[in-house]
Structures are given as C-alpha cells and as structure tokens.
J.: 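Before I ask anything, let me first share the structure, which is written out below as structure tokens.
All of these numbers come straight from a predicted model, not from anything done at the bench. Lettering follows sequence order; numbering is per chain, from 1.
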There are 2 protein chains.
Amino acid sequence: MPSPPPPAGRPTSKDVARHAGVSQSTVSLVLAGKWRGRVSPATVETVRDAAAALGYRPNTSARSLRLGRTRTVMLVVPVLTSPFFGAVHSGAARVAAERDFGVVVYPTLDGADLAPNAFSPAAIDGVLASSMAAEPLDVLRSAGPGTGHLPLVMLDSEPGHGVPTVNHDVAEGMRTIAEYVVGLGHRRVARLRSTVRTWTFEARDAAFRAALGPAEVVAEACAPLTLDGGREAALSLLAAPARPTALLCDDDLQAAGAYKAARALGLRVPDDLSVTGFDDMRYARVVEPELTTFRLPAVELGARGMTALLDLLDTGDAGPDVVLPGELVIRGSTAPPTPA
Amino acid sequence: MPSPPPPAGRPTSKDVARHAGVSQSTVSLVLAGKWRGRVSPATVETVRDAAAALGYRPNTSARSLRLGRTRTVMLVVPVLTSPFFGAVHSGAARVAAERDFGVVVYPTLDGADLAPNAFSPAAIDGVLASSMAAEPLDVLRSAGPGTGHLPLVMLDSEPGHGVPTVNHDVAEGMRTIAEYVVGLGHRRVARLRSTVRTWTFEARDAAFRAALGPAEVVAEACAPLTLDGGREAALSLLAAPARPTALLCDDDLQAAGAYKAARALGLRVPDDLSVTGFDDMRYARVVEPELTTFRLPAVELGARGMTALLDLLDTGDAGPDVVLPGELVIRGSTAPPTPA
DNA sequence: AGGGGATAGTCATACGTATGACTTAGGGAT
DNA sequence: ATCCCTAAGTCATACGTATGACTATCCCCT
C-alpha cells in the first residue's frame with residue numbers, strides 16, 4: 001500500500017454508507033438530491049440520518065476533482081486596507097456566501113504586478129477583478145484552463161474589451177458635483193486629481209469640463225489619494241495667483257488633506273474655500289465641516305459584480321454591463337463664494 | 001465510460017509525461033523537487049521544459065485530495081470594511097502568499113453568529129480568527145476533521161484556552177496613554193469605552209485605574225465604535241457637573257465623534273479638552289487637531305498570527321503566545337489643562 | 001565471471017466523490 | 001405461464017496527483 005496520509009478520521013461517504021447499510025453511490029445520490037426515481041423515501045431518510053449522526057461533510061477536494069469546478073472565486077483588489085475595497089469585498093462576499101461559493105482575495109499590493117502564478121494555491125472557477133489596467137487583464141484572461149479563458153468580470157474598468165463589467169457612474173458623479181459647485185456661484189475652481197490614471201481619467205475630465213459653464217479652471221494638479229498627498233498638492237493649488245474659491249477632489253481622503261492645506265494658509269472652509277470629495281467614505285463625516293461629496297455604492301458594486309460572475313459561471317451569461325448610479329451628498333464643506 | 005466532464009483541455013501531468021517521453025510518476029517527482037537519486041539531471045531538464053512548454057500547472061483539487069491538505073486557511077474577522085481588520089488581513093495575506101497558502105475570508109457580518117456550515121465551500125487546513133467570544137470559538141474547534149480539532153490561532157483573544165494567541169498589548173496601551181494624560185496635569189478625566197465587551201474589557205480598565213494616580217474619573221460611558229456613537233456619548237459625558245479636562249476613548253473613530261461633541265458645546269481641543277484615541281487608524285490624522293493615540297500594529301498582528309498558524313500546520317507547534325507592543329503617538333489633541 | 005550496489009526509472013494504487021451502465025425484484029398485463 | 005416495465009439499488013470507473021515498491025541497467029570490484 002502506498003502510504004495512506006494520516007488515518008484521517010473524518011467520515012467519508014463510504015462511512016455513511018456502511019452506517020446506513022447502503023452503497024456509497026446511494027449516499028452520494030441522496031446527498032446530492034438526485035435520488036428521485038432511484039432511491040426510496042425510506043432509504044433517503046436512513047441515509048440522511050446516518051450522515052447527520054456521523055457529522056459527515058463531503059470532501060471539497062474530491063468533489064472539485066470529480067466535477068472539475070471548485071465553487072471558489074478570486075477577488076482581485078489593489079489593497080484591502082482601503083475602506084473602499086473593503087466595502088467592495090463585503091458586498092461580494094455576501095453574495096458569494098449566499099450562493100455557496102468561497103472567495104479568496106488576491107491583493108495586488110500597492111500596484112505590484114499580478115504574478116502569473118498568482119493562482120497556484122487556490123483552485124479558482126473565476127475572477128472578479130477591480131480597477132485594472134490592460135496588461136494584468138491579459139494575465140488573467142490567459143490564466144484559464146488550456147488555451148481558453150478564465151471566466152472574468154471586471155469592476156470599475158473600461159467596458160468593451162469582451163469582458164463583462166460593473167461600473168460606478170464616475171463621470172455622472174463628476175458632472176453632478178461640478179454643476180452643483182458652479183451653481184453655488186463659484187467661478188474660479190481648482191481641481192485635484194488622482195495620480196493613478198484609470199480608464200475614467202479622460203471621461204471624468206470631460207464630464208467636469210462640460211459642467212463648468214461660466215466657471216473657469218484656475219489650477220489643476222495630480223496627487224496620490226492620501227492625506228499628505230492631498231495636503232501638499234492643495235498647498236500649491238491655493239497659492240495660484242487667481243486664488244480658487246472652490247476645490248474639487250477625486251477622493252475624500254485627498255479632500256481631507258486639502259482641509260489641512262487651507263488651514264495652514266488661514267483659509268476657512270467653506271467661507272473662504274469650498275471643498276468637495278468623492279466616494280463618501282467614512283472620512284467624509286469625520287472632518288469638520290463634514291464633506292460634500294458624491295457617494296459611490298461600493299458594497300453594491302461588489303455585490304453586483306459577484307452576481308454577474310456567478311451567473312456567468314452558472315449560465316454562461318453574465319448579463320448586460322451594469323452602471324451603478326451614485327448620489328450627491330451635500331454637507332457643510334460647500335457654500336456660495338464670499339463676494340470679494 | 002462514466003462521462004468525463006467537459007473535455008477539460010487543461011494539460012495534466014500525464015500530458016507533460018507524454019510530451020517529455022517519460023512516465024507520469026517521473027513528472028510528479030521532478031516537479032515536486034524530490035528527484036534526487038531517482039531522476040537524472042538531463043531528464044529533469046526535459047521534464048521541466050515540457051511542463052513549461054505546455055504551461056502545466058498542477059490541479060489543486062487532485063493534489064489536495066491526495067495529500068489531505070489544501071494549503072488554504074480561513075481568516076475570520078468581524079467585518080472587512082473596518083480599516084483595522086483590513087490591515088489585519090493585509091498582513092495575514094502577505095505571509096500566506098509568501099508561504100504559498102491561499103486565504104479565504106469569512107466575515108461574521110456585524111456580529112452575526114458563525115454558521116456551523118461556514119466551511120462548506122472551501123476546504124480549509126486551519127483558521128485564523130479574530131476577536132471572538134467563547135461560543136464561536138467552540139464552533140471553530142469542533143469543526144475539525146472527525147472528532148479532532150481544526151488547527152486554530154486566535155487574534156486579540158484571551159490566552160489560556162488551549163489555543164495559541166497573538167495579541168496587541170492593549171492594557172499596556174491604556175496604561176501608557178493614561179499616564180501621559182495624567183502627567184500633563186489633568187485631574188478630572190472622563191472615559192469613553194466600547195460597548196463590545198471583549199476579553200480585555202477588565203484588563204483595560206484595571207490598567208487605566210492603576211495609571212490614574214492623583215487623578216479621578218469624573219464620568220464614564222460606553223458607546224459603539226462609530227462616529228455618531230462617540231459624539232452622543234461624549235455629549236453626555238461633557239455635561240457632567242465637574243466637567244472633565246480630558247477624555248480618553250477606546251477608538252479613534254469614537255474620538256472623532258468626541259470632537260464633534262466638543263465643538264457642539266463650544267469647547268476647543270486641546271485648550272478646553274484633551275482627547276485621546278486608540279489604534280492609530282487613518283482617522284487619527286484626518287481630524288483637526290490630529291489625534292494623540294496609541295498605535296496598534298494591526299498589519300503585524302495579522303502577519304504574526306498567520307505565521308503562527310502556518311507554523312502550527314507545518315510543525316505542529318505554533319510557538320509561544322505573542323503580545324505585540326504598541327506605541328504612544330503624541331499629536332495635537334492633548335495639552336496641559338488650562339488653569340481654571 | 002559473478003555479485004553487489006548505485007542509478008534511473010516505471011508500476012500500481014489510493015485519496016473521496018459523482019454518475020452512466022448494469023442488476024435484481026416485484027407486479028401487472030396478456 | 002410469459003413478458004415487459006418500473007422501482008430501487010449496486011457496480012465500476014474516472015477525475016489528477018503523489019509515492020512506496022518494484023525493475024532494469026550499467027559499472028566496478030574481487
């Protein structure tokens with residue numbers, strides 16, 4: 001005998017069979033619910049009782065091997081410490097659990113590239129990937145079985161690459177928030193962008209400019225989506241000769257950094273400077289005054305994305321691309337400009 | 001033939017063997033690195049080339065079935081939207097990836113109890129669980145193979161239940177921060193606690209009182225670790241007849257709520273009221289003035305916990321219980337009391 | 001020349017499950 | 001009495017891997 005790994009001790013379907021006085025096949029049929037016309041109701045009950053008595057739970061590896069599917073999907077996110085992706089995971093995990101799927105998380109730690117062997121430990125039926133550029137996307141697609149493709153759904157990514165997508169309506173958000181600020185009467189606005197050029201970089205910009213109307217952009221800068229990044233960039237923006245009366249940021253945390261810059265320059269928010277964020281993460285209400293921002297339903301993004309992926313696995317069709325609307329949240333960081 | 005699931009198409013070790021002109025056993029030996037004394041270097045190279053040429057990656061399910069181990073562990077956390085647990089996951093995931101383990105996350109969504117069947121989708125070698133009470137712990141322990149126990153390491157949990165633990169030194173943190181505040185000259189302090197009674201509830205309290213010295217506690221309350229929870233509870237604490245000059249909170253977000261209460265009452269931080277947080281999450285620097293707090297190394301907690309768990313799986317020994325020291329971070333929210 | 005040992009492999013099997021093909025028993029219709 | 005049909009199960013096998021037991025060379029030593 002080729003050395004059984006440790007005597008195990010966990011009951012198998014064979015143990016249940018012996019205990020119930022039937023064959024292993026019967027146990028399998030009963031527990032899979034495919035017994036109609038093959039097993040009598042009385043036997044079904046016997047088997048179920050035996051399984052319960054032994055505390056039998058099927059061996060996932062064996063089942064996956066036989067079925068060729070693992071009921072596990074991978075969620076690829078930049079990093080989980082961000083509350084945004086935490087929320088995405090939360091929604092995705094809930095849906096997966098409901099449909100009896102497991103989720104393994106692959107964090108592409110701080111832009112580190114997706115390792116081609118990223119999928120070694122866990123066997124994966126599909127991938128739900130967030131905000132990725134083009135090349136990692138190729139890695140993912142080519143990682144499938146054989147020459148085929150691994151079923152894939154992308155979040156907040158450019159549609160039209162033959163991959164189903166679920167997106168936030170970021171452009172609409174930008175438009176809404178810009179219109180609101182201009183509507184308050186601001187004419188000199190500054191813009192603080194993200195250094196990461198996602199595919200929405202241009203679309204966001206177009207929406208912003210389209211909503212500008214009579215206002216003009218007096219300063220613009222890119223900064224990482226961090227507190228210090230926001231502070232430093234805002235510091236230079238606010239030093240512009242024609243000082244802006246409003247500052248639109250790509251992110252709540254960045255906006256919080258802008259608060260720090262304003263304070264350092266002796267400017268009061270919103271009296272001397274209106275500030276807006278984006279996303280409506282928890283930071284938005286922590287700052288004082290609370291931040292006017294555009295809420296993105298991150299939890300729902302994860303949930304809808306997972307739904308699409310599991311539909312794709314089950315039925316071969318992920319359904320149409322989804323664009324989730326957000327919502328303007330008006331708080332205390334915006335006000336009409338003080339007449340100079 | 002009993003119906004092969006779809007022709008698959010992904011190369012197996014058998015395909016590699018055919019391609020290299022050797023037997024499947026040889027492929028397995030080579031790729032497992034156990035060929036010394038059994039396979040010639042030339043053949044080893046041939047096999048490796050063939051594997052690379054076909055893009056062979058071993059089938060995880062089959063390997064797990066054969067080996068009886070899955071190289072996947074489960075991380076149990078209350079909820080991932082909290083930056084704290086996001087950080088824990090981040091550290092844990094890094095270590096797991098380094099040691100070629102997968103991680104599935106089980107979020108006990110908002111205190112929902114741990115479902116006994118929580119482990120169905122993914123096959124698990126062990127569990128890394130965070131901040132749990134006693135009963136779920138039992139669920140975990142009894143979920144192991146047979147009557148045995150599933151290997152388990154606990155984070156921020158009471159040691160001495162026969163389960164290895166990795167903890168933050170919360171009591172020391174409380175002592176440090178209280179000593180610092182009293183050292184500044186405060187004599188009337190208030191305390192804002194968490195409503196969740198973790199096992200450190202008493203220990204924290206003892207440390208706090210021991211560090212009090214000449215100071216006295218003029219008010220105390222419990223509140224959820226949220227912005228609004230902190231604000232409302234702080235509101236009542238600050239209405240106490242002998243108004244405290246310092247307010248120590250169990251959490252940074254709660255402390256941010258306390259800022260709101262102070263502002264509502266016209267109290268300036270730190271001139272009229274010193275405030276301290278706990279954890280040093282990102283909120284701590286977002287608020288103005290930035291928050292004096294006690295930094296807990298959450299990422300390292302996850303990393304050390306995962307290390308202990310994988311050691312337990314590999315060697316049968318998780319090593320001694322770990323207590324990670326934190327660090328007092330002094331920022332602008334604390335100052336000597338203004339002489340009344 | 002014969003034996004012994006190293007070297008280089010192959011063979012056969014088991015892990016636990018799912019399922020098409022087969023078997024057996026019973027009963028009703030002709 | 002014969003035949004067929006359905007119900008109720010069992011049998012056998014395959015999924016892909018890992019590994020102990022076995023086999024076949026070849027070379028060196030006495």
J.: Have a look at the helix from C/dA1-D/dT30 to C/dT30-D/dA1 and give the angle its two end axes make, five pairs each, rounded to 10 degrees.
T.: 70°
J.: Just checking A/Ser64: base, sugar-phosphate only, or nothing, at a heavy-atom cut-off of under 4.0 Å?
T.: nothing
J.: In whole Å, I'd like the distance from the CZ atom of B/Arg10 to the C1' atom of D/dT17.
T.: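 These atoms are roughly 13 Å apart.
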J.: What residues in residues 44-52 of chain B put a non-hydrogen atom under 4.0 Å from any atom of DNA chain D?
T.: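 Close to the strand, none.
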J.: Looking at residues 28-40 of chain A, who's got a heavy atom less than 4.0 Å off DNA chain C?
T.: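 A/Ser28, A/Leu29, A/Lys34, A/Arg38 - these, ordered by number, are the residues of the stretch whose heavy atoms sit under 4.0 Å from the strand.
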J.: Heavy atoms only, 4.0 Å cut-off, all strands: where does A/Thr26 land among base, sugar-phosphate and nothing?
T.: base
J.: Show the atom names and distances, to 0.1 Å, of all donor-acceptor pairs under 3.5 Å that link a side chain in residues 297-308 of chain A to residues at least two apart or in another chain.
T.:
unit_1: A/Glu300; atom_1: OE2; unit_2: A/Arg304; atom_2: NH1; d: 3.3
unit_1: A/Thr307; atom_1: OG1; unit_2: A/Ala303; atom_2: O; d: 2.8

J.: May I have the distance from B/Lys14 (atom NZ) to D/dA18 (atom C1'), rounded to whole angstrom?
T.: 13 Å
J.: Which of the following nucleotides, C/dC11, D/dA18, D/dG16, is nearest to the side chain of B/Arg66?
T.: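 Of the options given, the side chain of B/Arg66 lies nearest D/dA18.
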J.: Send over the distance from B/Leu65 CG to D/dA18 P, rounded to a whole Å.
T.: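 Checked: the CG to P distance equals 11 Å.
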J.: Tell me which residues in residues 16-24 of chain A lie within less than 4.0 Å of DNA chain D, going by non-hydrogen atoms.
T.: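 Heavy-atom cutoff 4.0 Å gives A/Val22, A/Ser23.
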J.: When the distance from CG of A/Asn59 to P of C/dA18 is rounded to whole Å, what number comes out?
T.: 10 Å
J.: Among C/dA18, D/dT17, C/dG16, which is the nearest nucleotide to the side chain of B/Tyr56?
T.: D/dT17
J.: State plainly whether the residues B/Asp311 and B/Arg99 are in salt-bridge range, i.e. N to O under 4.0 Å.
T.: yes
J.: For B/Thr26 and B/Ser23, test the side chains for any donor-to-acceptor distance below 3.5 angstrom and give the result as yes or no.
T.: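 Looking only at side-chain atoms, B/Ser23 and B/Thr26 do form a donor-acceptor pair, the distance falling under 3.5 Å.
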J.: Using the ring-ring contact (aromatic ring centres under 6.0 Å, His included) rule, collect all pairs that involve residues 48-84 of chain A, keeping only residues at least two apart or in two chains.
T.: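 Matches after skipping sequence neighbours: A/Phe84-A/His168.
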J.: Got more than 12 heavy atoms from elsewhere within 6.0 Å of CD, A/Glu45?
T.: no
J.: B/Asp15 CG to D/dC15 P: how many Å, rounded?
T.: 11 Å
J.: Starting from P on C/dC15, measure out to CZ on A/Arg63 and report it in whole angstrom.
T.: 19 Å
J.: Within less than 4.0 Å of OP1 or OP2 of D/dC15, is there a side-chain N or O belonging to B/Ser61?
T.: no
J.: How many Å lie between CZ on A/Arg69 and P on D/dG16, as a whole number?
T.: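 After rounding, the gap between these two atoms is 14 Å.
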